[in-house]
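Because the structure is predicted, anything quoted here is derived from the model rather than measured. One-based numbering, in listed order, for ligands and for the atoms of each.
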Amino acid sequence: MYWDQPAECGSREEMTRLQESRLKETVRYAFDKIAFYRDGFNESGIRPDDIKTLGDLPRLPFTTKSDLRESYPFGFCAVSPSQIVRMHASSGTTGKPTPVFHTARDLAHWTDLMARNQTMAGIRPDDICQVAFKYTLFTGAFGHHAGAERIGAMVIPAGAGQTERHILLMRDFNSTVLFCTPSYALTLAEKMAEMDVGKEMLSLRLGIHGAEAMSEEMRVEIEERLGIKSIRDYGLTELGGPGVSIECTEQAGYHINEDFFLPEIVDPDTLEPLPPGRTGELVLTALQKEATPLIRYRTRDITHLEMEPCACGRTLVRHGPILGRTDDMLIVGGVNFFPSQLEGVILGFEEIEPQYAIYLHREKRADRVTVHLETTAEFWAKAGDDSFEALAKDIEKKIKDWIGFRIDVRLIEPFTLPRSEGKAQRVHDRREDRRA
Ligand code: DLL
């Protein structure tokens, strides 16, 4: 079932024509309304009329998070204050949030895209959707809430945290769909076990999980523990939040809503465009944003594009899993790796719970990585010292074979790491000079 079949299943020629026409409008609009773009175009000697086809895209300057930060608070707002009906913001590490504004038309588009995405993921009007994202400046809850209501499903806006209450609501009101981060899905599953609420006592059938990475192994854990199908969902505040892309029920890559978000993959070092299939940084141009139009926004997220048709019948281009963010990439002993790569290796061990923390520190001017892994309660209770040592060695070896360098493994007691209510904080960087 499709929400908007012409948009989702049209030909490549039709999509290109639509994107080109929207790109031209966007470039002209951004030039007229936002000083950052006007100055940037002038500096590069580009006039809006020079941009005629998608092939001209690489001529346009990029936009980065620091550009948004430097224009705080209203520099990227293209409309008068009276036209703004909502703001959201992404939390920055440096204190000030990065605001993103929405007009009524922006919100109407967002709602429609969320309904499109949720339909793609399998949500129907008779579903009961429990929102476990937080209702704050964060976009996750508001976007999913609006989309589910637009479909005609029932929404339970429970918000983040209060895990016992979530389980009570799910049980007593027969929730069929859960919106939350993958790490919170695990927190819920753990609490269910503690409360003796088996998955067969719930009506849950579908989880929409986004805002952080979820390895295939993590997906299997979540699907088994909650008895659901788990769908990956991607987006970022700067581009409106969720609604950028989502997996269909084939679970084979995220379909990008290309009529609203024009994707490119670039080499994060040279910034040269890369062809489909090549892994690099995802860059997005918002094709319909009224309040905060963004051109060639560098997401920092690493993935690749796939042009092949999908078994679901949609022709929207897909991107692969988000491997990590360029800012998270570590170089240890000359090897590049994303902390999220560890997840797949770790979850392959049945003695280990899907709860881990990665610590980075500097030793003799070299980066060292230690991972703390919770064992299962059963293993912790029964295993002797030898088994602990043997298991830690086994995991270290598997990591070395997989990633190419040594990571120290420390096995820890179950339930000792803090549990996530939103985005899990799994990496703790204690390298004081890391910004040097
Ligand atoms: O996380 C928006 C969102 C909410 C998406 C709910 C999906 C569901 P921000 O807080 O601005 O917005 O964080 C955006 O989170 O650049 C990625 O690095 C990461 N991220 C989001 N979705 C995924 C995903 C929301 N499916 C940043 N896989 C993005 C991996 C993800 N990383």
Side-chain angles (χ1 to χ4, degrees), residues 63-65 68-69 87-93 96-100 102 110 113-114 117-118 120-121 123 129-148 159-160 177-185 207-216 218-219 222 230-248 251 253-257 261 263 268 279 281-284 286 292 294 297-304 318-329 338-341 343-344 420-427:
T63 315
T64 64
K65 178 122 178 164
L68 299 188
R69 244 186 237 132
M87 75 171 263
H88 282 283
S90 68
S91 52
T93 38
K96 274 187 198 161
T98 311
V100 178
H102 301 270
W110 190 26
L113 282 180
M114 291 309 296
N117 279 8
Q118 291 178 1
M120 208 186 295
I123 299 178
C129 301
Q130 192 155 321
V131 183
F133 284 119
K134 56 185 176 176
Y135 284 84
T136 57
L137 288 172
F138 180 65
T139 51
F142 287 94
H144 280 295
H145 182 130
V177 178
L178 172 67
F179 300 117
C180 65
T181 58
S183 56
Y184 190 61
I208 309 294
H209 300 308
E212 63 183 8
M214 171 169 71
S215 62
E216 272 312 316
M218 183 66 93
R219 176 175 5 226
I222 292 171
S230 163
I231 296 287
R232 292 189 181 119
D233 175 34
Y234 170 81
L236 59 164
T237 313
E238 295 87 327
L239 273 302
V244 173
S245 63
I246 195 164
E247 288 180 330
C248 63
Q251 297 173 305
Y254 303 66
H255 287 280
I256 305 178
N257 287 313
F261 305 100
T279 296
E281 182 178 337
L282 178 65
V283 170
L284 294 168
T292 307
L294 292 182
Y297 185 72
R298 292 187 59 189
T299 65
R300 305 274 170 191
D301 292 318
I302 300 293
T303 187
H304 68 276
R318 281 171 289 165
H319 68 78
I322 305 292
L323 301 180
R325 295 178 56 78
T326 48
D327 357 32
D328 293 343
M329 194 181 74
F338 291 107
S340 58
Q341 283 175 272
E343 190 172 284
S420 149
E421 290 191 349
K423 295 185 194 241
Q425 219 226 319
R426 294 211 169 93
V427 180

**Q** Find all atoms of ligand 1 within a distance of less than 4.0 Å from any non-hydrogen atom belonging to I322, and give their numbers and elements.
**A** 28 (N), 30 (C)
**Q** Polar contacts were defined as any N/O atom of the residue lying under 3.5 Å from an N/O atom of the ligand; does this apply to R232 and ligand 1?
**A** no
**Q** What do you reckon, does F179 put a non-hydrogen atom under 4.0 Å from ligand 1?
**A** no
**Q** Just how far is it from atom CZ of R219 to atom CZ of R232, taken to the nearest 0.5 Å?
**A** 4.5 Å
**Q** Between Y234 and H319, do the side chains contain a donor N or O and an acceptor N or O under 3.5 Å apart?
**A** no
**Q** Judged by modelled atom types alone, do H144 and D233 share a side-chain donor-acceptor pair under 3.5 Å?
**A** yes
**Q** Any heavy-atom pair between the side chains of M214 and S230 that's under 4.5 Å?
**A** yes
**Q** Which of these, M214, E238, K65, K423, has its nearest heavy atom closest to atom 27 (C) of ligand 1?
**A** K423
**Q** Is there a polar contact between ligand 1 and A211, counting only N or O atoms under 3.5 Å apart?
**A** yes
**Q** Whether the side chain of Q118 engages the backbone of A148 through a donor-acceptor N/O pair (distance < 3.5 Å, no angle test) should be reported.
**A** yes
**Q** Just to verify, what does E238 make a salt bridge (Lys or Arg N to Asp or Glu O under 4.0 Å) with, not counting sequence neighbours?
**A** K65
**Q** Considering only the protein, which heavy-atom contact is closest to atom 5 (C) of ligand 1, and what is its distance?
**A** G235 N, 3.5 Å
**Q** Counting from 1, what ligand 1 atoms have a heavy atom of G210 closer than 4.0 Å?
**A** 7 (C), 8 (C)
**Q** State whether the shortest distance between N or O atoms of D301 and N or O atoms of ligand 1 falls below 3.5 angstrom.
**A** yes
**Q** Please report the interatomic distance NE2(H102) to OG1(T139), rounded to the nearest 0.5 Å.
**A** 7.5 Å
**Q** Tell me: protein heavy atom nearest atom 8 (C) of ligand 1, and distance?
**A** D233 OD2, 3.2 Å
**Q** Starting from atom 3 (C) of ligand 1, which protein heavy atom do you reach first, and at what distance in Å?
**A** P242 CD, 3.8 Å
**Q** Do any N/O atoms on H209 end up under 3.5 angstrom from N/O atoms on ligand 1?
**A** no
**Q** For the atom pair CG (L294) and OG1 (T299), what is the distance rounded to the nearest 0.5 Å?
**A** 12.0 Å
**Q** Can an N or O of S90 be found at a distance shorter than 3.5 Å from an N or O of ligand 1?
**A** no
**Q** For residues P97 and A89, report the shortest heavy-atom separation together with the two atoms involved.
**A** CB-CB, 3.7 Å
**Q** Among all protein non-hydrogen atoms, which one is nearest to atom 28 (N) of ligand 1, and what is the separation to 0.1 Å?
**A** E212 O, 3.3 Å
**Q** In ligand 1, which numbered atoms sit nearer than 4.0 Å to a non-hydrogen atom of A213?
**A** 28 (N), 30 (C), 32 (N)
**Q** Could you check whether T237 and S90, counting side-chain N and O atoms only, form a donor-acceptor pair closer than 3.5 Å?
**A** no
**Q** With sequence neighbours left out, what residues match A211 under side-chain contact (heavy atoms from CB on, under 4.5 Å)?
**A** F133, F138, T181, K423
**Q** I'd like to check which ligand 1 atoms, numbered from 1 as shown, lie under 4.0 Å from a non-hydrogen atom of Y254.
**A** 24 (C), 26 (N), 28 (N)
**Q** Using a strict 4.0 Å cut-off to heavy atoms of T139, name the atoms of ligand 1 that fall inside it.
**A** 2 (C)
**Q** For T237, is at least one N or O under 3.5 Å away from an N or O on ligand 1?
**A** yes
